[in-house]
Number of protein chains: 2
Amino acid sequence: MEATGSGEKGLHARVLESLGPAITAGDHPPGTVLRTDELAERFNVSRTVIREAVRVLESMHLVASRRRVGVTVRPAEEWNVYDPRVIGWRLAGRDRSRQLRSLTVLRSAVEPVAAGLAARHATPAQCAELTEHAMGMVATSRGQQLDAYLVHDVAFHRVVLTASGNEMFARLWEVVAAVLTGRTHHHVMFTDPDPAAVTLHVQVAEAIRTGDAARAEALTREITAGAMAELDVLAP
Amino acid sequence: MEATGSGEKGLHARVLESLGPAITAGDHPPGTVLRTDELAERFNVSRTVIREAVRVLESMHLVASRRRVGVTVRPAEEWNVYDPRVIGWRLAGRDRSRQLRSLTVLRSAVEPVAAGLAARHATPAQCAELTEHAMGMVATSRGQQLDAYLVHDVAFHRVVLTASGNEMFARLWEVVAAVLTGRTHHHVMFTDPDPAAVTLHVQVAEAIRTGDAARAEALTREITAGAMAELDVLAP
DNA sequence: GGGTCTTGAATACGTCGTACTTCATGGGTT
DNA sequence: AACCCATGAAGTACGACGTATTCAAGACCC
């Protein structure tokens, strides 16, 4: 029985969950060379395991492996910042607020357009799901139920992005989820959500249901603008 | 020995460049199981090499490796569609026009916002680069110089995305480049670029230089709208 | 008899250790 | 300065064993 607590995945996954965050956090500055033998000893695993982990890191453009040199850490500008794992690691790391801001800007660009498309393509089932979660947000918007509120909030945006019918938008729901949970856990947990935001969500659901694309887009733009304003208040 | 011609990278990279496109093209439908030993024999490489390639494929969520069952191809909805390599493979595959459309929609959401931000954050050097490429587009917009035009077009959008100051936007320049090159190579190569689009680029460069964010955003929105309309005309 | 549970063998991935190959790099030679 | 060679670390290969997961045969209960 392993008391590692790091889950029961393979060894390479454990190495990855250790090296990835370390690199994205800046523990190994760009240009640092990591030798596979050295890593194998440090993690008490075979070189094979290290190599597989390094391959994944390499596919994220976090490192570059070159003969006779070693595994060198690449500069942050080259990282695959859209990889969900990289996003997670950076969000857990040092400059999470900077990362949160970048992602919120991305949201503010994408979500309004996605909502507009959703108004044109959403199925009745998706519309029902949308109003359901909007009502769930209303029901949990008062009285320290932030966790329950968050669930509905995330689900709402996930449905919107999915209903847009664009796969690139749909795959961003994980990013939005990360931003929303990060936002919630970063706030002091004693303030209820902004009532105006709750109302906006209800109205977005309605606009999408009635096929009013322009209205859905404009309302979502208000939501994301609110999210950005919120960041400006709580930003370090 | 090897007359593969597939470049001088490592063996795992060669396996990847063969398996990746095959999967994204749908040659191995979701649910297909690939055994490592079988792959090792098919590619005449050791299981180690196959395992490293599979790790990368797994990190792209193209496949899932489970004990006692094998490497199973995952459904397309779970693929990491933001991975540049996945984008490239899909763009080279069967439904490239569908992919092109998805990416163009993404562009139309992101680029206008990025241009607006660029108007606020662009450095003088970036402004110079911008006007330089805009003029380059003008110079190459007539007389079958599509390749030269494309270089300036790609560079223009790369600078805009970079100048936005948002790393998530900046990293999308590869995607835009893929879309633009795909668009050009997909068209009949005998039609010069739309003069209106060229003018718009010049005006965007000017708007960013003068710090007129709203104008830069609106003009870029016109550019992306034009790109979408262009797709509707040439779509199969 | 039909259905559920237990048990055990088969199997394909996971990990390991070792030996060998391949070249970028750096230094020494001409 | 041009060239060549020794070096070192990643790349590849192979064989062995570990381990979880599946599937089916058989025991057991209803």
Side-chain angles (χ1 to χ4, degrees), chain A residues 1-20 23 28 30-74 78 85, chain B residues 1-20 22-23 28-74 78 85:
Chain A
M1 304 300 183
E2 297 293 339
T4 57
S6 293
E8 260 317 311
K9 303 295 181 185
L11 289 184
H12 53 86
R14 238 176 293 178
V15 172
L16 206 57
E17 291 305 314
S18 175
L19 270 183
I23 293 174
H28 305 291
T32 306
V33 291
L34 307 166
R35 279 171 306 253
T36 54
D37 295 306
E38 183 181 295
L39 292 173
E41 188 191 10
R42 197 168 94 200
F43 288 99
N44 282 315
V45 295
S46 73
R47 204 161 67 98
T48 310
V49 172
I50 295 296
R51 284 182 54 75
E52 290 176 15
V54 166
R55 279 284 163 275
V56 177
L57 255 18
E58 192 179 34
S59 91
M60 297 171 174
H61 283 75
L62 292 188
V63 303
S65 173
R66 276 163 49 201
R67 275 189 162 134
R68 166 67 181 168
V69 172
V71 178
T72 63
V73 178
R74 304 176 75 160
E78 299 178 7
R85 257 167 311 188
Chain B
M1 314 264 205
E2 300 295 337
T4 57
S6 291
E8 263 314 312
K9 302 296 181 184
L11 289 185
H12 55 88
R14 238 177 294 178
V15 172
L16 206 58
E17 289 305 313
S18 175
L19 270 184
I23 293 175
H28 305 292
T32 306
V33 291
L34 307 167
R35 279 169 302 254
T36 53
D37 295 308
E38 182 181 296
L39 292 173
E41 187 191 11
R42 200 169 90 201
F43 288 99
N44 283 317
V45 296
S46 72
R47 205 161 65 99
T48 310
V49 171
I50 295 296
R51 285 181 54 74
E52 289 177 14
V54 167
R55 280 284 162 274
V56 177
L57 255 17
E58 194 179 33
S59 92
M60 297 171 174
H61 283 75
L62 292 187
V63 302
S65 175
R66 278 165 48 200
R67 278 189 156 135
R68 167 61 170 128
V69 56
V71 178
T72 64
V73 177
R74 304 178 75 160
E78 299 178 6
R85 257 168 311 187

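Chain identifiers are assigned alphabetically (A, B, ...) following the order of the sequence lines, protein sequences preceding nucleic acid strands; residue numbering begins at 1 within each chain. As the structure is a computational prediction, the values presented were derived from the model and not from experiment. What's counted below: heavy atoms across the whole structure, side chains too, no hydrogens, waters or symmetry copies.
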Asks: Taking side chain to side chain contact (heavy atoms under 4.5 Å, CB included) as the definition, give me every residue that meets it alongside B:Thr72, ordered by chain and number, with sequence neighbours left out.
Replies: B:Val33, B:Ala64, B:Val69
Asks: Run the side chain to side chain donor-acceptor pair (under 3.5 Å) test against B:Arg85 and tell me which residues pass, sequence neighbours left out.
Replies: none
Asks: With sequence neighbours left out, what residues match A:Glu41 under side chain to side chain contact (heavy atoms under 4.5 Å, CB included)?
Replies: none
Asks: Which residues pass the side chain to side chain donor-acceptor pair (under 3.5 Å) test with B:Thr48, not counting sequence neighbours?
Replies: none
Asks: Test of understanding: with side chain to side chain donor-acceptor pair (under 3.5 Å), list the residues that count as partners of B:Arg51, not counting sequence neighbours.
Replies: A:Glu52
Asks: At 10 degrees resolution, what angle do the end axes of the helix from C:dG1-D:dC30 to C:dT30-D:dA1 form when each is taken over five base pairs?
Replies: 10°
Asks: With sequence neighbours left out, write down each residue that passes side chain to side chain donor-acceptor pair (under 3.5 Å) with A:Thr36, or none if nothing qualifies.
Replies: none
Asks: How long is the span from the CD atom in A:Glu78 to the NE2 atom in A:His61, to the nearest 0.5 Å?
Replies: 7.5 Å
Asks: Excluding sequence neighbours, so at least two apart, what forms side chain to side chain contact (heavy atoms under 4.5 Å, CB included) with B:Arg68?
Replies: none
Asks: Only counting residues at least two apart or in another chain, list the ones meeting side chain to side chain contact (heavy atoms under 4.5 Å, CB included) with A:Glu38.
Replies: A:Arg35
Asks: Between which nucleotides of DNA chain C, 5' to 3', does chain B make heavy-atom contacts below 4.0 Å?
Replies: C:dA10 to C:dT15
Asks: Could you list all the salt bridge (Lys or Arg N to Asp or Glu O under 4.0 Å) pairs where at least one residue sits in residues 56-66 of chain A, not counting sequence neighbours?
Replies: A:Arg55-A:Glu58
Asks: For nucleotides 8-11 of chain D, list the nitrogen or oxygen atoms of the protein found under 3.5 Å from its nitrogen or oxygen atoms, one pair per line.
Replies:
{"unit_1": "D:dG8", "atom_1": "O4'", "unit_2": "A:Arg68", "atom_2": "NH1", "d": "2.5"}
{"unit_1": "D:dA10", "atom_1": "OP1", "unit_2": "A:Thr36", "atom_2": "N", "d": "2.9"}
{"unit_1": "D:dA10", "atom_1": "OP2", "unit_2": "A:Thr36", "atom_2": "OG1", "d": "2.7"}
{"unit_1": "D:dA10", "atom_1": "O3'", "unit_2": "A:Ser65", "atom_2": "OG", "d": "3.2"}
{"unit_1": "D:dG11", "atom_1": "OP1", "unit_2": "A:Ser65", "atom_2": "OG", "d": "3.2"}
{"unit_1": "D:dG11", "atom_1": "OP2", "unit_2": "A:Arg51", "atom_2": "NH1", "d": "2.6"}
{"unit_1": "D:dG11", "atom_1": "OP2", "unit_2": "A:Arg55", "atom_2": "NH2", "d": "3.3"}
{"unit_1": "D:dG11", "atom_1": "OP2", "unit_2": "A:Ser65", "atom_2": "OG", "d": "3.4"}
{"unit_1": "D:dG11", "atom_1": "O4'", "unit_2": "A:Arg67", "atom_2": "NH2", "d": "3.3"}
{"unit_1": "D:dG11", "atom_1": "O6", "unit_2": "A:Arg47", "atom_2": "NH2", "d": "3.1"}

